Asker: 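Take this structure first; my questions come after.
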Amino acid sequence: MSANEPAKTVDFIRRIIAEDLAAGKNGGKVTTRFPPEPNGYLHIGHAKSICLNFGIAQENASSICHLRFDDTNPEKENEEYIESIKKDVKWLGFDWKSNLFFASDYFDKLFELAKVLIQNGDAYVCSLSADEIREYRGTLTEPGKNSPDREQSPEVNLDLFLRMRDGEFADGSYTLRAKIDMTSPNINMRDPAIYRIRRATHHQTGDKWCIYPIYDFTHCISDALEAITHSLCTLEFEDHRPLYDWFLDRLQPQLKQHPQQIEFSRLALDYTVVSKRKLIKLVNDGFVAGWDDPRMPTISGLRRRGYTPESIRNFCSRIGITKTPNNVEIGFLEGCLREDLENKALRAMAILKPLKVVIDNYPVDKVEEITAPNHPQNQELGNRTIYMTREVYIDRDDFMEVAPNKKFKRLVTGKEVRLRNSYVIKCEEVIKDPNSGEIVELRCSYDENTLNANPEGRKVKGVIHWVSATQSIKAEIRLYDRLFVNANPEDGGDFLANINPSSLTTLKDCPIESSLVKANSGDTFQFERVGYFSKDPDSTEEQPIFNRAVTLRDSWAKISEPRREQRKR
RNA sequence: UGGGCCGUCGCCAAGCGGUAAGGCCCCGGAUUUUGAUUCCGGUAUGCGGAGGUUCGAAUCCUCCCGGCCCAGCCA
């Protein structure tokens, strides 16, 4: 957080924790956990949770945040996801130290605790099929009815449960259920399943088990076993809290811990989907190139796009933690990136839509070395050498035969403009293709006394970027736009129907200044007057590739095209 | 329509009975070899609505309206 940032008011969760600490609760300690299921890559919504949980640990002395994989559904999980999650949490700047856990570490313990529930008459083995269980559950407005197996003796239940574990029954034939209340207005309390039979090889436990515990049973116990003090989760688990507490209350003699679950609202972002199911769909159906496609709101996608950990952390800090359903503007995230990159991205020049300029009075073979600062305000970032030659490229958007209005201050026929870090040039003649009428070249002259100096007797307001035609390299530049055309991709019911067909524009053979050959994959630059660009890992020696992370703020665009579609909500 | 939760500026968000913080966006203006950055200044007589309690209400009470979540052997 920058020095002039106003003091951030504490959110309600941090306030509760501060109060608990002050009251000496939990022995004056606070332990949190980030509990992802390894069934997909982490996204910006997870970043919010990571920043909260790890952030709280950082803010309190001797506090710690565990990384725990909630791996109770082997059919959807795998090792690739586990590795990506660890990588992303680290990249965001957080450290779980030695506290890496798996819910599957507790499978034996969980099994024993399930037996305790059975022995105490708090759980029973049910022979109803999935369809039957649904029927027996009732509806939102009608109570459910008891399973015929509900009053089975603990002895029978225990025998059945052991045989479930021993593989005597087919998948789906039995479940272990908590015996709570089939008439509860909270559907989660209507005898929820806590174990199901599923012959699936688990990425951590292999084929040791053919029964797997369900989230509600697993999560609260895992929290208790790890002595988590504050179990923070999103609002959709609010209805599960009574269940969370129910299990812990019943098993208090065994666990001797009762973490507190607190819920906060999940992050929603304009023009994006943040749901693993949908993200998987985008990846599997080829709408994007992969989990790390720069258009994806995944941590890996944002990283490849050019986002920095600092910008994401700052974003999470600014949106805060509340229970209000929030829908954050995508521009808010982009603003955080710009703010971070403004101070640290080295400057360079690149031409997206080249227009050749020949400076007739510039010596034919002269190659002039010019030292240009890497950052206009920060000399510590050093300098680089750029090369001035007789032929250069400028951007087509920076020239018009006739100025459209008095505010236009780029190059116009017969007028002057400064080439950034170089000379003032004047457009003398416009060369067009005789057939198409397309402008193919500009013939200009330059004022040799204007390098690092203002021209005599006149003011030249406009400054445009340029690249030498002979001393430059060529790059592929990928321009990204939002993945969806609607602020709410769900509009109309099918998010796939709202995919932006032009979310990616690939520009080939863009002239970029030669200093960029030294760039490493992942380095991010500000291409002056254009935006921030990050070198893509797919780059090769011959073909550097740059991804546009975000454009610069562009107040000229507002004047010249004030009613851009994108500005509408 | 059962239950749970939420409604303060376009977007986030403080506020917790004493007379509406802040950030983003937006609008002016200054500086600028990036129409960037930076810097100044502006932007809710109003807190979903209606009543009520009180000297005083965004904050307390009542009713109403709107939104989100829950009927996986997913998490």
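All values reported here derive from a predicted model rather than from experimental measurement. Protein chains get the first letters and strands the later ones, always in sequence-line order, with residue 1 at the start of each.
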Asker: CD1/I133(A) to OG/S127(A) distance, rounded to the nearest 0.5 angstrom?
Answerer: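 Going from CD1 on I133(A) over to OG on S127(A), the span is 9.0 Å.
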Asker: Could you measure between the two P atoms, the one in U43(B) and the one in C27(B), and give it in whole Å?
Answerer: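 One P to the other, the span is 16 Å.
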Asker: Less than 4.0 angstrom from a charged side-chain N to a carboxylate O is my criterion; do E310(A) and K344(A) meet it?
Answerer: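 The answer is yes: the pair qualifies as a salt bridge.
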Asker: Would you say C26(B) has OP1 or OP2 under 4.0 Å from some side-chain N or O of K558(A)?
Answerer: yes
Asker: Base, sugar-phosphate, or nothing for R15(A), non-hydrogen atoms under 4.0 angstrom?
Answerer: base
Asker: What is the distance, rounded to the nearest whole Å, between atom CG of N374(A) and atom C1' of U37(B)?
Answerer: 16 Å
Asker: Between T322(A) and A13(B), is there a contact of a side-chain N or O with OP1 or OP2 at under 4.0 Å?
Answerer: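 Affirmative; the distance criterion is met.
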Asker: With rounding to the closest Å, how many angstrom separate the P atoms on C12(B) and G48(B)?
Answerer: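 To the nearest whole Å, 14 Å.
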Asker: Between P325(A) and L235(A), is there a side-chain heavy-atom distance shorter than 4.5 Å?
Answerer: no
Asker: Of the candidate nucleotides A13(B), A36(B), C6(B), which contains the atom at the shortest distance from the side chain of K323(A)?
Answerer: C6(B)
Asker: Just by modelled atom types, is the N188(A) backbone N or O under 3.5 Å from a matching donor or acceptor in the N186(A) side chain?
Answerer: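 Here the side-chain-to-backbone pair exists.
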Asker: Provide the distance between the two P atoms, one in G29(B) and one in C61(B), to the nearest whole Å.
Answerer: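 It works out to 49 Å between them.
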Asker: Report the base-pairing partner of C39(B) (Watson-Crick or G-U wobble, both distances below 3.5 angstrom), or none.
Answerer: G29(B)
Asker: Rounded to whole angstroms, how far apart are CZ on F12(A) and C1' on C6(B)?
Answerer: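 Interatomic distance, CZ of F12(A) to C1' of C6(B): 11 Å.
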Asker: To the nearest 0.5 angstrom, please state how far the CG atom of L267(A) sits from the NE2 atom of H46(A).
Answerer: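 Result: 11.0 Å between the selected atoms.
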Asker: Strictly below 4.0 Å, N to O, side chains only: are D149(A) and R177(A) in salt-bridge contact?
Answerer: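 Not counted as a salt bridge, because no side-chain N and carboxylate O are separated by less than 4.0 Å.
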Asker: Please report the distance, rounded to the nearest Å, between NZ in K344(A) and P in U37(B).
Answerer: 17 Å
Asker: With rounding to whole Å, what would you report as the distance between G67(B) and A75(B) at their C1' atoms?
Answerer: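 After rounding to an integer number of Å, I get 24 Å for this pair.
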Asker: Using both distances under 3.5 Å as the test, list the Watson-Crick or G-U wobble partner of A13(B), or none.
Answerer: none
Asker: Rounded to the nearest angstrom, tell me the gap between atom OH in Y446(A) and atom C1' in U33(B).
Answerer: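 Result: 18 Å.
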Asker: Please measure how far the P atom in U59(B) lies from the corresponding atom in A20(B), and state the result in whole Å.
Answerer: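 Between the two P atoms, the distance is 14 Å.
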Asker: Which nucleotide sits closest to the side chain of T9(A): G23(B), A13(B), G35(B)?
Answerer: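 Within the option list, the nearest is A13(B).
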Asker: CZ of R318(A) versus P of A21(B): gap in Å, rounded?
Answerer: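 In whole Å, A21(B) P and R318(A) CZ are 20 Å from each other.
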Asker: Report the distance from atom CD1 of I464(A) to atom P of A36(B), rounded to the nearest whole Å.
Answerer: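 The answer, rounded to whole Å, is 17 Å.
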Asker: Need to verify one output field. Residue with the more 5' nearest nucleotide on RNA chain B, K407(A) or K48(A)?
Answerer: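 Its nearest nucleotide lies further toward 5', so the answer is K48(A).
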Asker: Between Y446(A) and Y423(A), does the ring centroid distance fall short of 6.0 Å?
Answerer: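 Yes, close enough.
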Asker: Any base atoms under 4.0 Å from F408(A), or only sugar-phosphate, or nothing? Heavy atoms, all strands.
Answerer: base
Asker: Would you say the ring centers of Y195(A) and Y174(A) fall short of 6.0 Å from each other?
Answerer: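 No.
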Asker: Which nucleotide, if any, forms a Watson-Crick or G-U wobble pair with C63(B), using both distances under 3.5 Å?
Answerer: G49(B)
Asker: Taking the six-membered ring for Trp, are the ring centroids of F237(A) and Y244(A) within less than 6.0 Å of each other?
Answerer: no
Asker: So what does A268(A) hit on the nucleic acid, given a heavy-atom distance under 4.0 Å: a base, only sugar-phosphate, or nothing?
Answerer: nothing
Asker: Please give the distance between the C1' atoms of A44(B) and U19(B) as a whole number of Å.
Answerer: 15 Å
Asker: Would you indicate what K461(A) reaches in the nucleic acid, counting non-hydrogen atoms under 4.0 angstrom: base, sugar-phosphate, or nothing?
Answerer: nothing
Asker: Using heavy-atom distances to pick each residue's nearest nucleotide on RNA chain B, tell me which of D11(A) and E528(A) is more 5'.
Answerer: D11(A)
Asker: Does E77(A) reach the main-chain N or O of N73(A) with its side chain, forming a donor-acceptor pair under 3.5 Å?
Answerer: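 Yes; judged by distance alone, with no hydrogens or angles, the pair exists.
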Asker: Rounding to an integer number of angstrom, what distance separates C24(B) and A14(B) when you compare their C1' atoms?
Answerer: 15 Å
Asker: Quick check on G18(B): syn or anti? Syn means the glycosidic torsion is within 90 degrees of zero.
Answerer: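 Base orientation relative to the sugar is anti.
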Asker: For the pair made of CZ in R410(A) and P in U33(B), what is the distance, rounded to whole Å?
Answerer: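 Value for this atom pair: 18 Å.
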Asker: Starting from P on U34(B), measure out to CZ on F533(A) and report it in whole angstrom.
Answerer: 18 Å
Asker: Heavy atoms under 4.0 Å, any strand shown: does Q526(A) hit a base, just sugar-phosphate, or nothing?
Answerer: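 Base contact.
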Asker: At under 4.0 Å, does any side-chain N or O of R529(A) touch on OP1 or OP2 of G35(B)?
Answerer: yes
Asker: Give me the distance, rounded to whole Å, that separates U62(B) from G46(B) when you measure between the P atoms they each carry.
Answerer: 26 Å
Asker: Which residues in residues 417-424 of chain A have a heavy atom closer than 4.0 Å to any atom of RNA chain B?
Answerer: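 Of all residues in residues 417-424 of chain A, the ones placing a heavy atom under 4.0 Å from RNA chain B are R418(A), R420(A), N421(A), S422(A).
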Asker: Side chains of Y41(A) and E80(A): is there a donor and an acceptor less than 3.5 Å apart?
Answerer: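 There is such a pair (donor and acceptor under 3.5 Å, judged by atom type) between the side chains of Y41(A) and E80(A).
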Asker: Ignoring backbone atoms, establish whether R553(A) has a side-chain N or O less than 4.0 Å from OP1 or OP2 of C26(B).
Answerer: yes
Asker: Side chain of W556(A): nearest nucleotide among U8(B), G35(B), A36(B)?
Answerer: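 Nearest to the side chain of W556(A) among the choices is G35(B).
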Asker: Using a 4.0 Å heavy-atom cut-off, write out nucleotides 65-75 of chain B from 5' to 3' as B (base contacted by protein), S (sugar-phosphate only) or - (no contact).
Answerer: ----BBBSBSB
Asker: Does G56(B) pair with anything, Watson-Crick or G-U wobble, both distances under 3.5 Å, and if so, with which nucleotide?
Answerer: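 Across any shown strand, G56(B) pairs with none.
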Asker: Using the test side chain to side chain contact (heavy atoms under 4.5 Å, CB included), find all partners of R266(A) that sit at least two apart in sequence or belong to another chain.
Answerer: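 T234(A), E236(A).
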Asker: Could you tell me the Watson-Crick or G-U partner of A71(B), where both distances fall under 3.5 Å? Say none if there is no partner.
Answerer: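 With both distances under 3.5 Å required, A71(B) matches none.
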Asker: Passes salt bridge (charged side-chain N to carboxylate O under 4.0 Å, His left out), E226(A) versus R33(A)? Steps please.
Answerer: CA-CA 9 Å; E226(A) 293 177 18; R33(A) 104 269 90 116; over 6 Å; no
Asker: Please state whether the phosphate of U33(B), meaning OP1 or OP2, lies under 4.0 angstrom from any side-chain nitrogen or oxygen of N452(A).
Answerer: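 Answer no for this pair, as no side-chain N or O of N452(A) is under 4.0 Å from OP1 or OP2.
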